[in-house]
Structure formats: C-alpha cells, structure tokens
Amino acid sequence: MSLGYQSPRRRRAGDMTWGIIASMLFASFGFGGTFSYERSEKLCFPDDFIFGVATAAYQIEGAWNTSGKGESIWDRYTHERPDRIFDHHNGDVAADSYHLFRQDVRMLEYLGVQHYRFSISWPRTLPSGLSNEINEDGIRYYMELLDELNSHGISPIVTMYHWDLPQALQDLGGWTNPIIAEYFVDYARVLFDHFGDKVNVWLTFNEPLSFCHDGYGGLDAPGAHSSGFEDYLCAHNVLRAHGMVYRLYMDQYKDKIKSVGITLDFSWLEPATTSDADQKAAETARQFYFGWFAHPIFSKTGDYPPIMRERVDTISKRQHFTRSRLPSFTPEEVEMIRGSSDFLGLNHYTTYLIAKNKGKISLTPSFEADMGGIVSQKKEWPKSNSTWLKVVPWGFRKSLNWVRLAYDNPTVFITENGMSLERGLKDSRRINYLDGYLKALLTAMTKDNCRVVGYTYWSLMDNFEWTRGFSERFGLYEVDYDSPNKVRTARSSAEYFKQLAQTRCIPTWNYTV
Ligand SMILES: *[C@@H]1O[C@H](CO)[C@@H](O)[C@H](O)[C@H]1NC(C)=O
Ligand SMILES: *[C@@H]1O[C@H](CO)[C@@H](O)[C@H](O)[C@H]1NC(C)=O
C-alpha cells in the first residue's frame with residue numbers, strides 16, 4: 001500500500017472475544033445503547049484498512065504565547081476581531097493539548113486506532129515563519145508527542161499546514177505573495193530533518209479551499225474578503241508550494257520518508273434538478289470547488305480545469321481587467337505540480353445542490369459568480385450543529401466515484417469525516433451519521449472499486465471550530481472548557497468508534513432510549 005506503513009493485522013482469533021467485551025461494555029455503560037457485531041463480510045473493511053482520528057494544532061493546543069511560539073493569523077484575528085467569532089472565544093487555551101497531549105494519547109490508545117492525524121504549528125516551530133530561528137521548545141513538544149504515539153504503537157500522520165500561518169508572513173501578504181512558496185519549502189525541510197525518522201506519512205496542506213476561499217476570499221482569518229481575486233492568488237501559491245515540497249521529498253528525502261500527499265475537501269455537488277443546465281452547472285461547480293486544487297495535481301494533463309480557465313478568463317475580460325484574475329502556471333510549474341502526491345487525502349462531510357445561475361454576471365469579481373451556480377441544501381436533509389453540514393451519506397459514495405472517474409482511481413485516504421452536535425454524551429445522531437457514511441464508503445469500495453485505504457474521524461475531541469468558536473462540537477470525546485484541566489469524557493460515539501477501529505467491521509448498533 002502506498003501509504004507506506006504496516007498496519008496491525010486484525011486479530012482473527014478475537015472474533016468471539018468482541019461479543020464478550022461488547023456485553024461487558026453494555027453492562028458497565030448504562031447509556032441505553034447496545035452494540036453487537038456481525039461478522040458479515042459485506043460490513044467489514046479489508047484487513048489492511050486503517051482507522052484513526054484527527055485534530056489540528058490551533059484547534060486543540062492552546063499555549064498560544066508559550067515558550068517562544070510566534071503569533072499566528074488566528075491568534076491575531078481572534079484577538080482583534082472577537083466579533084467575527086460566533087461565541088467571541090479564541091484558541092488561546094482551547095483543549096490545552098500543549099500540556100495535556102499524554103491524555104490525548106491515552107484516549108487514542110483506548111479507542112484502539114491505528115493512526116492519529118495531527119498538525120504541526122508553523123509559528124510554534126518557526127516563530128517568524130523563517131527557518132533562521134528554530135524554536136527548540138516547539139521541536140521538543142512535537143518530539144515528545146511523536147515518542148508518546150510511537151510507544152503506544154499509533155502511526156502519526158502529520159499535516160504541515162492546517163491554517164495557522166505565522167502572522168509575520170501574513171504581514172508580507174501571506175499566501176498571496178509568491179515568495180511564501182520558498183518559505184514553505186524551508187519549513188518543510190526543518191520538519192523532514194527533525195521528524196522525518198518518526199513520521200512516514202506527511203500531508204502538506206489541509207483544505208486549501210477553506211483557507212484560500214474562506215480566508216482570503218471571505219471572513220475567516222486573515223479575513224481578506226477578496227473573493228475572485230486573493231483566493232485565486234492564495235491557491236496558486238499553495239499549489240506551487242505543494243509541488244515544490246513534493247519535489248524536495250523526491251529529490252532528497254526519499255529514503256527517509258515513505259509518502260507525501262495533500263488533503264483536499266470535497267462536498268458532493270448534486271444538480272438541483274435533472275435539467276441539462278443544472279447538470280452542467282453542477283459539474284462546473286465540482287471543477288471550481290474541487291478541481292481547482294485536484295486537477296493540477298491528479299489529472300493526466302495537470303494545470304487548472306479547462307472550464308475554470310475559460311470562465312475566469314472570459315469574465316475577467318468582460319469586467320475590463322487587463323489580465324485574468326486566475327493566474328497562470330508556467331509549463332515547468334504545470335509539470336512540477338502534476339503527479340505531486342502519493343495519494344489523495346480527502347475530507348468529506350456533506351452535500352449541496354447546484355442550480356445554474358441565470359442572472360447577469362456582476363462587475364464585482366467573485367468566485368461564486370465565476371463558478372456560475374447557486375448553492376443550496378434540501379430542507380429535509382437531517383441537520384447537525386453546523387449550518388453547512390447536513391447528513392447525506394449517498395453524497396459520500398458519489399464523491400468517491402467522481403474522484404475515481406476523474407483521476408483514474410487514485411489511492412484515497414479519508415483524512416476527515418464527521419458531524420457536529422451540541423453538548424452531550426449520548427450522541428446517537430453522531431453514531432447514525434457514522435453508520436450511514438461508513439456504509440456509503442464501504443459500498444464505494446466493494447461495489448464501485450474505489451481505492452480507499454483508510455478512514456479518519458474528525459475529531460478526537462471537541463475543539464476550537466474557527467469562526468464558530470466552541471459552539472460546534474465534533475468530538476468523540478467531549479471537552480469541558482469550563483474545567484481548569486479541560487476534562488475529556490468519552491461519548492457514546494467513542495465506544496462505537498472503538499469497536500469499529502478494533503474489528504474493522506461496522507458495528508450493528510441498536511439505540512434504545
Ligand atoms: C500570554 O497570553 C495571556 C492571555 O492569553 C496573557 O495573560 C499572558 O500575559 C501572555 N504571556 C506572555 C508571556 O506574553
Ligand atoms: C449549535 O449549538 C450552539 C450551542 O448550543 C447554538 O448556540 C447554535 O445556535 C447551534 N447552531 C446550529 C446551526 O444549530
């Protein structure tokens with residue numbers, strides 16, 4: 001498998017044991033849920049399939065100004081603009097994983113997961129963003145976390161960049177300044193040199209769609225609110241930076257590191273009606289929201305999707321720009337970026353409907369106008385605690401199949417999937433979400449032949465959910481933010497996930513109130 005590490009084999013002799021453990025769990029559990037297991041092949045994942053959970057540095061670590069850490073764009077943004085955060089909170093302390101990471105690893109051990117996906121904070125390791133000054137305390141922190149994971153047999157999967165840009169680099173324009181690609185390569189080299197022996201699987205970026213479209217095009221940090229312009233510049237430099245780091249790894253770290261990939265988010269985009277216009281609009285929207293990043297890396301031809309090139313060029317001209325708002329790669333850059341990923345890390349949560357926008361194109365640039373679709377969701381779709389996240393399991397299967405057909409069935413690793421709910425330990429709705437999405441995933445693998453090698457739940461525990469603050473909780477573990485030591489408590493879904501990770505079979509779950 002191209003992810004490049006051995007996953008523990010399923011214990012064949014343990015099949016009986018699980019039933020016993022399950023009944024013991026039920027006895028001591030007392031939440032009114034029961035689990036049972038059917039060793040029906042159709043509900044089991046392959047032996048080498050791996051299960052894990054994910055977090056990200058800014059969302060859990062806290063210790064924002066401790067021991068030499070530099071300021072990040074989220075530190076600056078939440079401090080200067082608390083009005084832009086739903087509950088006016090910030091990640092200064094968050095789940096305090098900087099101090100409590102050993103507890104986190106104990107939770108991972110309890111869940112029995114094969115991997116833990118976390119991110120390294122760029123400003124904690126390089127306070128100004130540049131590699132002339134390395135913060136030894138940052139190196140020590142991640143080294144201790146990696147050693148702790150290693151001693152528990154849990155494989156780390158490490159994201160280099162999960163939105164927390166050093167503020168000093170944002171002061172130079174952040175991802176809109178082309179020089180940042182060189183700085184990102186310097187940062188990656190520091191990570192490979194320090195942690196390359198301990199981390200086999202690296203992800204360069206998490207969800208560039210979110211941090212470019214929402215951060216430079218919208219009102220997430222840094223809050224540039226420059227849609228159809230700065231978001232394109234951001235994406236362009238992120239793709240260059242990604243390709244450059246992949247080439248660095250291939251040229252200089254191939255013996256040390258097993259694989260390097262990228263995580264892209266893909267919500268399924270379903271035509272609002274069966275009309276040709278809406279079908280076409282939905283496909284165009286997929287190319288804008290996902291192909292924007294995936295096409296340059298995973299397609300045979302490389303570069304931006306042709307439909308995106310054509311639409312942004314045409315609309316820019318009509319808006320009297322002298323050049324397209326979508327930048328162009330040089331032929332060398334197209335080649336450098338094409339094929340620059342050993343696997344596709346995929347984050348999938350929900351589905352939207354796309355209808356053709358029949359209105360006139362405005363003179364004000366925007367990504368949405370360039371894309372040309374109107375985005376909505378069905379009222380009947382079950383809700384979560386996030387306005388954008390509706391429960392639509394079939395969209396997962398469709399996304400995986402679209403990826404299979406568009407990019408010649410690449411190796412896919414699910415790096416995030418999950419559901420937000422309000423506070424509470426009895427999260428049967430989260431278990432229903434998992435049940436539906438896991439079945440859709442398994443169907444995509446067994447019936448449709450999609451090549452998926454692992455699944456990662458977002459998130460291990462509740463955390464700081466960007467502009468939604470602490471209001472939206474995605475955790476298998478609940479975090480009590482009011483307690484001084486940020487007490488973590490397993491939810492019902494943690495018990496469900498434990499069974500899943502340890503048996504690789506979807507637990508049959510009966511909930512009785
Ligand atoms: C760190 O930030 C906290 C607020 O979160 C503040 O009280 C403290 O003085 C700061 N410490 C340093 C060393 O700047
Ligand atoms: C999510 O939960 C919080 C806290 O209970 C609540 O204030 C908020 O309105 C909820 N959001 C949605 C979209 O349901």
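Both counts, for ligands and for their atoms, begin at 1 and track the order of listing.
- By the 4.0 Å heavy-atom criterion, Glu472 is excluded from the residues contacting ligand 2.
- The heavy atom nearest to atom 10 (C) of ligand 1, considering only Val93, Asn65, Asp92, Asp75, is found in Asn65.
- Here the heavy atom of the protein found nearest to atom 4 (C) of ligand 1 is Trp64 NE1, 3.9 Å.
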Evaluation steps, ring-ring contact (aromatic ring centres under 6.0 Å, His included), between His115 and Phe413: CA-CA 12 Å; His115 68 274; Phe413 182 46; 5.1 Å; yes

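- By the 4.0 Å N-to-carboxylate-O rule, Glu283 lies close enough to Arg286 to be salt-bridged with it.
- With Met160 as the partner, the side-chain contact (heavy atoms from CB on, under 4.5 Å) test is satisfied by one option alone out of Ile120, Thr125, Val245: Val245.
- Below 30°, between 30° and 60°, or above 60°: for Phe195 and Tyr142 the angle between ring planes is above 60°, a perpendicular geometry.
- Formation of a donor-acceptor pair under 3.5 Å by the Asn206 side chain with backbone atoms of Thr263 is not found in this model.
- Of all protein heavy atoms, the one closest to atom 5 (O) of ligand 2 is Glu422 OE1, 3.0 Å.
- Taking atom 2 (O) of ligand 2 as the reference point, the nearest protein heavy-atom neighbour is Asn385 ND2, 2.5 Å.
- Nearest protein heavy-atom neighbour of atom 9 (O) of ligand 2: Phe86 CZ, 4.2 Å.
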